[in-house]
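The next block holds one structure in the form of structure tokens; read it before the comments.
Please read these numbers as outputs of a predicted model, since none were measured by experiment. Residue indices begin at 1 and follow the sequence shown. When a ligand or atom number is given, it counts from 1 through the structure's own listing order.
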Amino acid sequence: MEHTFTGCQAFMASHYSVLVTGVLVPLAAGAAWALYRYHFQPSDTHRSVDVKIQQALRRYVLIESTHGKPDCVLQAFKEYANKDRVIKGLLFTVEQDIFLEEAAKQCYPKTTLVLGTQCGYSPIRLLQCLPSDGMLYAVEREDSMAESAEEMILVAGFKHNQFKLLCQHPVDVIHVLKSQFGVKKLDFVLMDYECDQYVEGLLALTESGILYSGTLILANNRNHPTSKNFIQYIEGAEDYRIVDACKGLLKVEYVQSKSLWSS
Ligand SMILES: C[S@@+](CC[C@H](N)C(=O)[O-])C[C@H]1O[C@@H](n2cnc3c(N)ncnc32)[C@H](O)[C@@H]1O
């Protein structure tokens, strides 16, 4: 029997196509984007902030803080973070700040390494824990970010003989700390960059020969999916011992293995 479209069927067919193209397709595309953005793509904490946001933060700190006073400079960072949720998401919380400071003070650091510097917040906090003849090496891959961080550290009152900002890959920096900068031992390391590169960084640190029993390493974003390899590596490594954790921060101690002693 020949099938003919009635007016009602034609009406329903046209509404059906509007429903599919106008509602279901955009909904599916949105869901796919959200899945990619929040599940597969690395989180924002690993990447640098937009230049405009970074410059706005820089201007705020320059204008609103008392220069030469690290606490005032850090306070200005926090004030600005209350106005900008991107910055808020990147700075350590009060709890993490305390954890960072206590961990750094615990090893009476003289030489500290920061991998992932961004706007300079944690380097300033860590410089406060160093004696006046201490040294902090801060590594940041983005030129503009490194420049801005250097300015913030100087504004906080620290001098070039107390810190060095290095715009290089963390592994390249670790390889030259001894030969180029004469570092004999590292007391404290903050790892706060791409977590899927932490194992590579840790291996470079182990091989560099500048760690000693008692060196503390604080690694951020331990709960991020890309930290899985790092956590597994640490849990199985003879040379490292997990000491403590606070939110995303994991405190790890280097324990020189027997094989190194006997070699
Ligand atoms: C979460 S932020 C660091 C925040 C900083 N520790 C603080 O508390 O103020 C991560 C930074 O690591 C930098 N970064 C990411 N991968 C890097 C790499 N392979 N080498 C050097 N820096 C890197 C990014 O540009 C970004 O500025």
Compare all side-chain heavy atoms of K251 with those of I242 and state whether any distance is below 4.5 angstrom. no
Among Q118, M191, E140, Q96, whose heavy atom sits nearest atom 24 (C) of ligand 1? E140
Nearest candidate to atom 4 (C) of ligand 1, where distance is taken over non-hydrogen atoms, out of L190, D192, L115: D192
When you compare ligand 1 with Y193, is there at least one nitrogen or oxygen pair between them that comes in under 3.5 angstrom? no
Once you measure the plane-to-plane angle for Y121 and F77, does it fall in the parallel (<30°), tilted (30-60°) or perpendicular (>60°) bin? perpendicular
Under 4.0 Å from a heavy atom of Y121: which atoms of ligand 1 are those, numbered in the order shown and with their elements? 9 (O)
Should you measure from each heavy atom of S122, which atoms of ligand 1 turn up under 4.0 Å away? 5 (C), 6 (N), 7 (C), 8 (O), 9 (O)
Sub-4.0 Å atoms of ligand 1 with respect to non-hydrogen atoms of Q197: 19 (N)
Greater than 12 external heavy atoms within 6.0 Å of E95's CD: no
Run the contact test for L90 against ligand 1 with a 4.0 Å cut-off on heavy atoms, strictly below, and give the result. no
Hey, does P170 sit under 4.0 Å from ligand 1 if you only count heavy atoms? yes
Using a 4.5 Å cut-off on heavy atoms from C-beta on, say whether the side chain of T117 contacts that of D192. no
Applying a heavy-atom cut-off of 4.0 Å, say which part of L91 lies close to ligand 1: side chain, backbone, both or neither. neither
Could I get the full list of salt bridge (Lys or Arg N to Asp or Glu O under 4.0 Å) partners for K178, not counting sequence neighbours? none
Atoms of ligand 1 close to E142 [distance to a heavy atom under 4.0 angstrom, numbered from 1]: 25 (O)
Over 60° means perpendicular and under 30° means parallel, so classify the ring planes of F181 and Y137, tilted if in between. tilted
Measure up the Y80 and Y60 rings against each other and bin them: parallel (under 30°), tilted (30 to 60°), perpendicular (over 60°). tilted
